[in-house]
Structure formats: structure tokens, C-alpha cells
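Residue numbers start from 1 in every chain, and the chains themselves are labelled A, B, ... in the order their sequence lines are given, proteins ahead of strands.
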Protein chains: 4
Amino acid sequence: MPREKNQEKRQAFLRAAVAEIAKSGTETSTARIARRAGLAESTLFTYFPSKSALLNVLYIELKDKVYQALNRDFPADAGLYARARHIWVGTLAWGVKSPNERKASLHLHLSNAITAATRAHTDARSVEVRKTMAELSTQGIFRELPTNFSATAMGAMQDAVLEEIARNRKDQAVLIAKGFEAFWRMCL
Amino acid sequence: MPREKNQEKRQAFLRAAVAEIAKSGTETSTARIARRAGLAESTLFTYFPSKSALLNVLYIELKDKVYQALNRDFPADAGLYARARHIWVGTLAWGVKSPNERKASLHLHLSNAITAATRAHTDARSVEVRKTMAELSTQGIFRELPTNFSATAMGAMQDAVLEEIARNRKDQAVLIAKGFEAFWRMCL
Amino acid sequence: MPREKNQEKRQAFLRAAVAEIAKSGTETSTARIARRAGLAESTLFTYFPSKSALLNVLYIELKDKVYQALNRDFPADAGLYARARHIWVGTLAWGVKSPNERKASLHLHLSNAITAATRAHTDARSVEVRKTMAELSTQGIFRELPTNFSATAMGAMQDAVLEEIARNRKDQAVLIAKGFEAFWRMCL
Amino acid sequence: MPREKNQEKRQAFLRAAVAEIAKSGTETSTARIARRAGLAESTLFTYFPSKSALLNVLYIELKDKVYQALNRDFPADAGLYARARHIWVGTLAWGVKSPNERKASLHLHLSNAITAATRAHTDARSVEVRKTMAELSTQGIFRELPTNFSATAMGAMQDAVLEEIARNRKDQAVLIAKGFEAFWRMCL
DNA sequence: GATGAATGAGGTTTCATTCAT
DNA sequence: TATGAATGAAACCTCATTCAT
């Protein structure tokens, strides 16, 4: 099984897809993805049975990368504030470092090509994170809102921070810190 | 006066476009839009010179509807809390009543087909709203964050509320009220 | 029968067709012809049963105008030189005065839309001219070439003169005169 | 080496285009060209990026073929009569042998799809011919007419000869020879 | 008689995918 | 395995023509 070589080209397609989807959305063509990957369009279909499959694989890989990073040094025994802050900082660090991956991830999230199975798969990687978010839901105003609300709100606030960072490159660390303070204020 | 009929079909295309774009994004085809409108595809082009023109017209009509509702009874002389709450409640009322229009609006907002002129046009309708959001930016933690942050954050929080409402149809009024409380907490 | 009014609009369509065909060829659209005529596209079809019919009518009218002008003061009793020169000068005068009509006429001549019947009709108007051309065919080198050759050659030479005039607006009279001298040289 | 097959299909498209354009002009559809070539319409676009590109390539190939034939045994050191006769005979030989190519070439020459760059390219191939035609312009009656006139007149006269040949298949050689005599008479 | 509205047919081009090599 | 070649389906859009008013 010549896995090694395979993986290189496979990754080339995935990397190219990230760049193209970030630029033009999921409706970008397989031709453009292959061209950017420096490979033939038909070769794409030896690694992925269809464009839709490529999209789903990519979605999973992108989500996995974030959750692996968050899980690696997750302070499972620390207090709620520390754990929430870990999630906040880790997610934003990824968003700042890999703006294209984040953009592509958002495009994929909205795409009809992403199946329910794919969405479910991603949930499996986010156990620790979800546990913390559930705990957040018992705090302050969140007690009176549905369980998922805290997670949704945090994601939304992170989007706001990233949008600001994209617009205003300086003081990323400050924006991230102040943003978390604003978020945490809701939990008190 | 063939105006009446004219407008009817035109509206049929716009309504069909809302539904299709909400379902499949702006890359949906003119064929599908026309089919849903119950008219021939070529007829679409007697009402709109191009698909792009249809998208821009639709974007303006959707945005206008929201801002007209917000402006109609805007409490311009009331305190900041009242004005912010007006915007929060008004926007969410529209989002709840017209989920497809909101989804379509979000898709359109991201589309490359929407021109700068179209975006500028909608800015003109949102003067009062933008004034209030600017004032919010001078409050609490927002003082230490960029000017646009309060508006971005409010939009993000509203997304969270609407997502919750979509998942859990009951108690919309409560969700909206509690959601604003959570948001306002950030401003103190 | 409200002929008068009819004729006005009919002529408007024909005039517009001349201009559009001169500019863009016979594949120009009925929409563009009608727009230039200042009338509705569908009105065109109350005057002509089809686009093809319009083209054929126009071809006949254009050819008739030339031959009527040539026939009006045709020096039927003069010598061959005078008659040939009359044809030469008359045709070129029209070509110079009505460049669009000439261009349209050339486009129509090549079009598959022009029927054999239409082409035959035109022949009927050109009796005098053809008689003179036949006589030319008995002169000099033409004697050893097919009967039609003299006419074809004259048309070709006129095209050359008109092309020159189009390129070089001055000295039209000289170009026309010298051109005929060149042509006549062949007949000696 | 998949070149062989490549070129075959490419030539099939070009040959089909010649036939269709000769019959119906440059407004013929890519569907008809492909059908005549015995290939799928979409395949056409793997050989030519657009219909316009196909037209330009075809124009260049047709013109090149003529000029290459003329240049191959061009009697550059012979007298003016011999050189003019070489051009006359060579051009007509091609016109007689390839009537469709000639018709297509004429259609292409008038088409708006042919770019200035394409026209410039063909000028480069016609240096020897243009030099001879310029010299012709200093002879006889041509001295008193614009520089381009001799070339335009020769082209026009050749049209006349070819029209005759098309009508009357016999005695091509005689028609060509006598036709040149008629033309040459103008130069004396 | 004149027209706005409507449309089926057809235009060029792009796309995801298959297949032979 | 990797790919050039091929293609049916579908994209957006234009056109000549019909029809109700």
C-alpha cells in the first residue's frame, strides 16, 4: 500500500480546496482546486469519489484540527473560568493563524453538501469542550436560557472578535482578552 | 394599466428567490427560481436583466423591510437601553416571522454578486440604528474594543437567539427578552 | 385602409433595419431594430410576417432604389462608353451618398435568408443595365470571357473604388472618374 | 504521446467549421460545428477556449495556407508581370481547389470576432505579395489612384473570375489566364 | 392597430465525472 | 497511479414569435 505518496497528493488537494473555498465558496470548481494543487482534475477523483466527498472530508479534518488543539492541553481539572478561557483563546488562536481554514470552515458549515453524518462525527471530538459549555449554561443569565445557548453565544462572540481582528491587525492579544471579558460578563 | 399584473409576477420571482436562496444559497439556478415561481425561466429575464440584478434588488428589498420596520416607531428620544432594546426586539421579530427572508439575507450578504452600490444603498436606511450602536460602543467593556464591535456582537448574539428559537419554538418572547438581558450585561 | 400611417411605421422599421444591419449584419435582433425604430418589437410583426420577410422586402427596396435612379435618366440611345459610364457613376453616387444602405445591401446579398424569388425579382428592374453590360461583353478581352464577366468585373471594381472612398474621403469625383478609366481600359 | 489524436480532433473541428461557415456564415452555432465534426459540443471547448478563439485560429490557418503557397516558389527576382501573374494564379488555384475555405475566409474577414492581433499576424506572412502590389501601384492608371487600389482591384477581379468558374466549371485555366490579361490591361 | 407580456428553442460555456491508456 | 480526453447535463441568457388586451 503506497500510503506515503498518496497522502501527499491527497493533502495537496485538501490544501488547495481550503484556499479556493475561502476565496470563492464551496461552489468553486474541481478544476480550480486541481489546478491550484498542481495536479490533474481527474486525479482528484482517485482520492475522493466525488466533490461532495472531498467537501465532507475537508470539513471533518478542519474541525478535528481545532478540537485536537483544544484537547491537547485542556485544563480539565481547572475552574470554569480557566476552562472557558482555554476554549476561547484556543479557538481564536486557530482562527487568527489560519484565516483561510476558518473561512473555508464557515462556508462548509453552511453548505448543503455536508451531510448529517459528517456533522455528527464532529460532535464526537468535542466532548470536553461541550462539557464545559454545558457547565457554563448553569451560570447567571444562561440558567434561564436553553442549554445550547452558551455555546452558540460564545461562537457568535468569537466571530465578532475575528471580524475585528481581520479589520484591525494590531493588538490581537488585547482584542482576544477583552473579548473574553465581555463574554464572561454575561456569565456572572 | 398592466402594472398590477406586472408587480404580481415580479413579486412571485422575488418570493421564489427568497425560498430557493434560503434553501440552497445564492448559487441556486434561475431555472429553479422560475420553476418555483410557476413561470418560464426566460420570463425572469423580462423582469430582471440578469441573475445578479435580481439578487441585488432582492437584497435591497429585504434590508429595506427590516429598516423600515425599525425606523417606523424608533424611540429616538428615549434612553440608550430603550433604543438598543428596540433594535434587538425589532430585528428578532422579523427574524422569527420571516426565517427564510433572514436566511436569504445572510446568504446575499456574503455573495460576491452584491455590489458596493447596493451595500451603500442599504447603509442609507440604517442611520438611526447605526447612531445607537455607536453610542453603545462608548459603554462598559465596549469602550476598550473597536467601534464596530458592539454591532457585530449584537448581530452575533441575535444569531444565537434565532438559532435557539429555530430549535425550540416555544417561549420566543422569553428567549428574546432574556437574550437581551445577557447582551445588556456586557454593556454595564 | 389606413395606408398612410402604416407606411410611416413600416418605413421606420426598414430604416432602422438598414442602420442595424450595416452596423452588425443580418444577425442583428428584431429587438434592436424595433428599439432603433422607436416602436415595440411585436409591432414589427404586424408589418412583416417574420424577420426573414423583413429582410427580403428590404433587399428588394434597396436594389429597386438603385435601379430606379439608374433607369430614370438612362441614356439609352447614347454610345456604349456613355451608357457604361452612366451605370458606373450612378451606382457609385448611391454608394457614396448612402453608405449604410450599401453596407446593408452587401450583408443581405450574402444572407441565406434572401430567397431565390427575391433575387429573381431584382433582375427584372435591371433590364437596361443588363443590356448595356451584355454589349460590353462583346468588347476587347471580354469577348474571350463569359458573358457575365463584364458585369461581375464592374461590380468588383466599384467595390474597390468605394472602399478607397471610405478610407479617403477627399476627391470622390476624381476617384470615380479615374476608376472608370481603369475599368474602360479593359474593354479596349 | 497523445499528440497525434489531439491534432486529429482539432483538425476535425477546424474542417467542420470551414464547411459550416462557408454554408451559413460565422454566426453558425458551435453545436452545428461539433455535430458535423462528429464530436460532442463540449469537446470543442477543450480544443478552443471559446468560439471566438476557434474563429481566429481558423482565420490564421486559412490565410497562412494561401501565403505559404504563394511564398514557396515566389519569383522574387522576376519582372513585375511575372510576379503579379504568380500572385494571380496562385490565389486562384487555391480558390478553385478549396472553394469552401475561400468562402469561409471571406466570412471570417468580415467578422467582428477576428481581432486586430489576428489581422496583424496575417500581414506578416504577406510581405512579398504586398511589395509586388505596391510596385503595381506605380504603373499606368494606378499611379493616379490610392496605393491600396491595385490590391483591392486585383482581389475584386479574382472574385469575378471565381464566380465565373463556380458557374461554369470548364476552362478554368483559360478563365484564369484571360482574367489576368484583362487585369493587366489596366496596368499598362 | 399597437403593445407589454410571455415563452420554447436555442445560443455559448462550465462543470463534475468517466474512461482508456 | 495519474492523466488527457471526452462528454451529458445544466448554467445564464437571447431570440423570434404569439397572444391578450
Query raised in the report: If you take all heavy atoms of Ala12(C) and Leu39(C), which pair is closest and at what distance?
Result: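 The answer is CB-CD1, 4.3 Å.
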
Requested in this report: Identify the two heavy atoms, one from Ala40(A) and one from Phe13(A), that lie closest to each other, and give their separation to 0.1 Å.
Outcome: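 That closest heavy-atom pairing would be O-CZ, 4.0 Å.
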
Report task. Tell me the stems DNA chain E sits in, counting at least three consecutive Watson-Crick or G-U wobble pairs, each under 3.5 Å on both distances. Result ->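 Detected stem regions: E:2-21 with F:2-21.
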
[N] [atom2] sits how many Å from [X] [atom1], rounded?
{"X": "Arg10(D)", "N": "dG4(F)", "atom1": "CZ", "atom2": "P", "value": "17 Å"}
{"X": "Tyr47(D)", "N": "dT13(E)", "atom1": "OH", "atom2": "P", "value": "18 Å"}
{"X": "Arg35(A)", "N": "dG4(F)", "atom1": "CZ", "atom2": "C1'", "value": "15 Å"}
{"X": "Gln7(A)", "N": "dT1(F)", "atom1": "CD", "atom2": "C1'", "value": "15 Å"}
{"X": "Glu20(B)", "N": "dA11(F)", "atom1": "CD", "atom2": "C1'", "value": "15 Å"}
{"X": "Phe48(A)", "N": "dT1(F)", "atom1": "CZ", "atom2": "P", "value": "15 Å"}
{"X": "Leu44(D)", "N": "dT14(E)", "atom1": "CG", "atom2": "C1'", "value": "14 Å"}

Query - Partners meeting side chain to side chain contact (heavy atoms under 4.5 Å, CB included) with Val66(D) (sequence neighbours left out) - result: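 Counting only residues at least two positions away or on another chain, Val66(D) forms a side chain to side chain contact (heavy atoms under 4.5 Å, CB included) with Leu70(D), Trp94(D).
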
Query raised in the report: Do Asp123(A) and Lys63(A) sit within salt-bridge range, that is, some charged N less than 4.0 Å from a carboxylate O?
Result: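 Here Asp123(A) does not pair with Lys63(A) in a salt bridge, since their nearest N and O are not under 4.0 Å apart.
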
Query raised in the report: Is there a side-chain contact between Phe48(B) and Leu14(B) (heavy atoms, below 4.5 Å)?
Result: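 When only atoms from C-beta onward are counted, Leu14(B) and Phe48(B) do touch, with a gap below 4.5 Å.
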
Query - Min side-chain heavy-atom separation Thr118(D)-Val57(D) under 4.5 Å - result: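 No, every pair of side-chain atoms sits at 4.5 Å or beyond.
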
Query raised in the report: Does the pair Val18(B) and Leu58(B) meet the rule for a side chain to side chain contact (heavy atoms under 4.5 Å, CB included), with working shown?
Result: CA-CA 8 Å; Val18(B) 165; Leu58(B) 184 55; 3.6 Å; yes

Query raised in the report: Reading nucleotides 15-21 of chain E from the 5' end, what letters show protein touch, with B for base, S for backbone sugar-phosphate only, - for no heavy atom under 4.0 Å?
Result: SBBBB--

Query raised in the report: Using a cut-off of 4.0 Å on non-hydrogen atoms, how would the nucleic acid contact of Leu39(C) be classed: base, sugar-phosphate, or nothing?
Result: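 The answer is sugar-phosphate, as Leu39(C) gets under 4.0 Å only of primed atoms, P, OP1 or OP2.
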
Query raised in the report: Backbone N or O of Thr122(D) within a donor-acceptor pair of the Asp64(D) side chain at under 3.5 Å?
Result: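 The answer is no, because no donor-acceptor pair under 3.5 Å joins these two groups.
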
**Report entry** Nearest-neighbour nucleotide for the Thr43(C) side chain, dA2(E), dG4(F), dT7(F) considered
**Finding:**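 Of dA2(E), dG4(F), dT7(F), dA2(E) is nearest to the side chain of Thr43(C).
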
Query raised in the report: In this structure, are over 12 heavy atoms from other groups packed under 6.0 Å from Lys51(B) atom NZ?
Result: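 Counting neighbours around NZ of Lys51(B), more than 12 heavy atoms of other residues, nucleotides or ligands fall under 6.0 Å, so yes.
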
